[in-house]
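Within every chain, numbering begins at 1; the chains are lettered A, B, ... in the order of the sequence lines, protein sequences first and strands thereafter.
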Amino acid sequence: MAIEIEKPSSVRLSKVAISKTHGEDSPYFAGWKAYDENPYDEIHNQSGVIQMGLAENQVSFDLLEKYLEEHHEVSSWGKGAPGFRENALFQDYHGLKSFRQAMANFMEQIRGGKAKFDPDRIVLTAGATAANELLTFILADPGDALLVPTPYYPGFDRDLRWRTGVKIVPIHCNSSNNFQITPEALEAAYQSAESMDLKVRGILITNPSNPLGSTIQSSVLNDILDFAVHKNIHLVSDEIYSGSTFSPSEFVSIAEILRNRNYKDAERVHIVYSLSKDLGLPGFRVGTIYSYNDDVVTTARRMSSFTLISSQTQHLLACMLSNHEFTQNYIKTNRERLNKRYDMIIQGLKKAGIECLKGNAGLFCWMNLSPLLNEPTRQGELELWNIILNQVKLNISPGSSCHCSEPGWFRVCFANMSEQTLRVALQRIHKFMEQRKVCSVNQ
Amino acid sequence: MRLIVPLQSVVQGRGGLIFGSLIPCALFYFLQLYLKRHRSPKPQSNPPSPTTSSPKLAEMTRTSSRSNLFSRSIGQVRISSRAISIAKPNESPYYIGLDKASEDPYDRLSNPDGVIQLGLSENRLCFDLIEKWMSENLGHSITGRDNGELNINGIATYQPFDGTMELKLAMAGFMSHIMGGAVTFEPSQMVLTAGATPAIETLCFCLADQGNAFLVPTPYYPGFDRDVKFRTGVELIPVHCRSTDNFALSITALDQAFNQTRKHGTKIRGILLSNPANPVGNLLSREMLYAILDFAREKNIHVISDEIFAGSMYGNEEFVSMAEVLDSEGFDKNRVHIVYGLSKDLSLPGFRVGVIYSFNENVLAAARKLTRFSSVSAPTQRLLVSMLSDARFIEEYIKTNKRRLQNMHALFVAGLKGLNIRCADSSAGLYCWADMSKLISSYSEKGELELWDKLLNVGKINVTPGSACHCIEPGWFRCCFTTLAEEDIPVVLERIRKAVENTTDLLNSS
């Protein structure tokens with residue numbers, strides 16, 4: 001129902017309200033519009049756009065449903081609802097102790113017990129989006145900078161910069177070494193910030209990486225931490241995909257690195273986590289900040305008043321995540337299924353003649369279409385993206401919206417659809433590649 | 001050998017004595033430095049616990065944190081200036097009192113000497129109704145099994161961040177009902193947030209820049225200082241109201257505050273109202289609403305109307321929403337934004353459900369994007385759609401709530417009157433605004449805080465002193481009565497009497 005605005009608004013809005021710093025006008029978000037207008041449906045709209053730009057995990061819903069089926073009591077408050085009253089009134093920004101305990105255990109399980117988490121260091125937020133923004137408010141002042149390795153999750157432009165007034169200075173990574181972060185790149189980024197008169201307050205890494213779909217190696221993590229110590233800045237490790245590593249041994253958390261160093265220099269390290277990816281519950285809005293810095297914990301807790309998790313949800317998840325049998329099985333099965341999906345898409349793309357970065361985690365793969373570009377530029381990449389969106393009818397995310405310095409890379413999500421839909425998508429890609437071969441042969 | 005030779009030559013040289021003592025000192029210093037750097041740390045298998053952690057910490061509502069955060073050595077890495085001010089121990093009596101009350105909470109049976117909480121505006125009067133509804137309607141799980149199929153897909157996946165259309169529809173209906181059906185709310189003009197707290201903050205981010213200000217009538221809800229100022233950098237300019245006219249807002253006072261502030265070079269971007277008012281509990285009349293809108297138009301500023309207590313009416317006056325006034329007159333709607341939430345009227349503060357209702361398309365567009373940071377949790381949305389759509393339940397709830405509120409209010413105010421403590425005239429809210437100025441030793445903020453302290457530590461009741469609400473007249477206290485049962489009222493009165501024992505001549509005079 002559209003409302004009519006009789007005359008243009010003469011009353012002023014803030015800079016935040018009118019700015020485009022949220023970055024939501026980029027192709028990353030524009031592709032979604034095309035999908036919304038013509039969404040693929042297995043039965044009702046087989047020629048629609050297949051959404052491959054949304055990193056959502058739908059492969060393990062049945063496990064969640066089974067649990068909820070067998071444990072009715074977690075989604076109500078039991079017969080006659082005892083405990084409901086306290087729960088309904090509970091708006092303490094410390095969060096339910098039982099839920100924090102359950103989250104700490106879950107995070108430990110994901111890391112195979114190689115790191116321990118203290119529930120009193122967990123600060124709850126309504127999603128990792130809020131967690132990243134909150135940390136930015138706490139670690140940096142307006143006009144300061146955070147270093148972020150490229151390519152990175154497009155949402156960071158909004159989460160780290162919009163309301164905070166903080167700037168992002170990229171740490172450039174490229175395909176020559178599989179987009180790994182190097183000490184040289186770190187130093188170059190730092191210098192770049194200095195030359196722009198920006199004070200660098202921290203580094204934010206995503207491990208496993210979005211959009212690369214790969215874990216950061218132990219040696220690189222050590223280098224990054226050393227760099228942070230050397231420059232006396234913070235290190236935020238967004239480990240939102242930690243439970244989506246196909247093989248548990250391949251993920252090394254910054255928490256493990258710290259443990260190996262006896263927690264020396266820990267007060268500059270903060271971990272972000274969420275249940276949106278690993279548990280496939282983005283609608284629940286559950287995020288956490290785990291900080292080794294007491295001041296950050298205290299401040300983050302107070303600031304979390306703006307982004308508390310519903311106590312009903314905390315109660316439900318506390319029950320579910322305290323069930324070790326469930327979590328063990330879920331983590332293991334989820335990893336296996338994601339691995340299977342990953343293999344499926346990689347094989348499918350390979351058959352079509354497309355190479356991807358070697359990945360081992362996440363809900364997506366990082367696809368190299370640079371050989372197909374008319375010109376090796378951002379423009380060329382966007383032209384190709386447009387073709388794929390409008391002709392092949394696949395919404396994938398162009399590397400430029402992830403600030404990748406090399407054109408031609410695309411992030412392709414594979415876990416937000418059924419296997420059948422993925423097969424259809426792969427068929428379309430195959431056909432597209434065949435057609436291009438024919439065209440180039442005929443030219 | 002190599003070390004001895006230079007030393008020898010130094011000692012034998014002209015500066016011998018000086019260098020002879022300087023070099024060993026320097027060596028000693030460097031030795032200490034070396035030892036410090038290479039001291040092997042004690043092996044720790046667990047991450048260090050936060051130093052302020054204690055078993056009780058988890059149960060505290062707010063961290064008053066008596067331990068001085070800056071006295072021990074903190075990590076050398078810097079945090080932002082915003083964070084530094086937020087990290088400081090909270091000195092406001094509002095928060096200190098809340099902490100104290102939750103550390104030692106009163107319970108009629110198990111802890112009769114505990115602190116009675118009258119400082120938190122929570123409504124516990126109608127939980128029995130909600131509990132009954134829950135047990136009758138939550139037989140199926142929240143995942144929506146009523147259609148036969150267990151389907152988590154509907155709530156697990158990404159939802160619109162500003163709330164589902166189903167919940168917006170349900171909220172629109174509820175808000176309309178609460179306000180006597182006098183106004184219709186359009187779901188498309190609604191943005192749902194995780195509580196009214198982020199609703200206020202989000203609006204501030206949309207309407208004002210850092211360094212700008214909002215006018216706010218006093219006394220006001222202490223939480224506004226946090227909601228408006230914490231992260232936005234926006235200031236609050238008090239517009240003082242007085243007991244002589246029952247703390248009514250006057251346009252003259254608004255105008256004065258506006259001009260004063262402008263002279264100092266700060267731009268006013270809007271007025272922040274609570275209607276029904278917190279902590280006084282009075283209402284803005286229809287005429288006053290017109291006058292405020294005229295004023296806002298004249299100064300070209302926004303109006304935020306926080307109507308969170310609209311459904312907590314106990315008086316006979318009629319509540320008029322800003323939306324109702326806009327409906328009827330040809331005012332510029334683009335400057336008006338309403339805040340609402342389910343924490344008070346439906347007693348569900350833990351569920352985090354707030355509303356921004358605006359007529360300004362640009363504000364709505366920005367606010368929608370900002371809800372990315374504070375969305376309502378999907379299972380909660382599902383639950384509430386169900387509850388709010390149960391017309392029969394809502395009807396009964398609203399009626400019963402009003403009746404019980406009226407009852408508690410009457411009893412409590414009468415009780416205070418018996419102690420010669422009169423309350424401001426009020427028609428709504430979960431509290432009364434009590435005048436204890438006769439009981440304070442000196443007519444000042446100091447005197448007021450002394451009384452507050454006595455009431456808390458001697459009387460063991462937590463009430464909110466007017467100074468925490470920026471009231472310009474000392475001696476006023478906000479007392480929330482909806483956390484009590486009827487039987488608790490005599491206990492409260494007795495404790496007040498006890499706490500002010502030395503001022504009994506005042507208590508006895510009629």
Side-chain angles (χ1 to χ4, degrees), chain A residues 1 5 9 11 13-17 22 61 64-65 68-69 72 75-76 80-81 84-85 87-92 94 97 116 118 120-121 126 129-130 133 137-138 140-141 163 232 234 262-263 267-268 280-285 293-295 297-299 302 305-308 310-313, chain B residues 41 44 46-51 53 58 61 75 77 79-83 86-87 122 127 131 134-135 138 141-143 150 152-153 155-159 188 194 197-198 201 205-209 231 300 302 334-335 348-352 360-362 366 369 372-375 377-380:
Chain A
M1 257 176 284
I5 304 175
S9 170
V11 67
L13 296 190
S14 70
K15 295 191 188 109
V16 165
H22 48 72
F61 277 154
L64 293 170
E65 277 160 359
L68 290 168
E69 175 88 48
H72 281 177
S75 45
S76 60
F84 162 73
R85 209 174 277 225
N87 191 250
L89 291 173
F90 187 82
Q91 50 176 333
D92 180 352
H94 286 82
K97 176 90 193 213
K116 290 204 79 58
D118 176 356
D120 289 332
R121 288 197 173 280
T129 297
E133 194 203 34
F137 269 118
I138 293 172
D141 285 313
R163 297 195 291 190
N232 193 22
H234 292 273
N262 281 314
Y263 299 101
E267 81 280 355
R268 64 186 69 254
L281 298 173
F284 280 38
R285 309 313 304 139
N293 183 315
D294 294 352
D295 290 335
V297 171
T298 304
T299 315
R302 290 179 182 176
S305 299
F306 298 108
T307 182
L308 296 177
S310 167
S311 52
Q312 172 200 10
T313 303
Chain B
Q44 275 177 292
N46 289 327
S49 290
T51 53
S53 112
T61 317
V77 68
I79 57 176
S80 70
S81 2
R82 256 183 296 227
I86 294 171
E122 249 174 25
F127 270 127
E131 279 160 359
M134 291 283 174
S135 55
L138 273 185
S141 79
I142 39 93
T143 53
L150 190 69
I152 199 172
N153 204 316
I155 55 165
T157 54
Y158 280 104
Q159 314 276 311
S188 61
T197 298
E201 197 204 30
F205 268 115
C206 290
L207 309 179
D209 293 321
R231 306 192 295 187
N300 195 20
H302 293 273
N334 280 312
R335 63 181 80 257
L348 301 172
F351 288 11
R352 314 313 303 150
N360 187 316
E361 217 18 78
N362 294 321
K369 293 195 181 80
R372 197 69 173 78
F373 301 107
S374 42
S375 300
S377 186
T380 302

Residue selection (most heavy-atom pairs with chain B, distance under 4.5 Å) from Pro282(A), Ala17(A), Gly280(A): Pro282(A)
Candidate pair Phe306(A) and Ser374(B), rule side-chain contact (heavy atoms from CB on, under 4.5 Å), full reasoning: CA-CA 7 Å; Phe306(A) 298 108; Ser374(B) 42; 5.8 Å; no
Winner by heavy-atom pair count (cut-off under 4.5 Å) against chain A, out of Thr197(B), Thr380(B), Leu348(B): Thr380(B)
Residues forming a side chain to side chain donor-acceptor pair (under 3.5 Å) with Ser375(B), sequence neighbours excluded: none
Most contacts with chain A, counted as non-hydrogen pairs under 4.5 angstrom, among Lys369(B), Arg335(B), Glu122(B): Lys369(B)
Geometric cation-pi criterion, Arg163(A) with Phe205(B): 6.0 Å, 45°: yes
Greatest number of heavy atom pairs closer than 4.5 Å to chain B - which of Thr307(A), Thr129(A), Val16(A): Thr129(A)
Residues in salt bridge (charged side-chain N to carboxylate O under 4.0 Å, His left out) contact with Arg231(B), at least two apart in sequence or another chain: Glu201(B)
Per-residue contact mode, His234(A) against chain B (heavy atom under 4.5 angstrom): both
For chain A, the option from Ser377(B), Ala366(B), Ala208(B) that forms the most heavy-atom pairs under 4.5 Å: Ser377(B)
Option that, when pairs with chain B are counted at under 4.5 Å, heavy atom only, ranks first among Thr313(A), Ile138(A), Leu281(A): Ile138(A)
Validation row: Val77(B), Glu267(A) side chains within 4.5 angstrom (heavy atoms): yes
Expected output: side-chain Gln159(B) to main-chain Thr157(B) donor-acceptor under 3.5 Å: yes
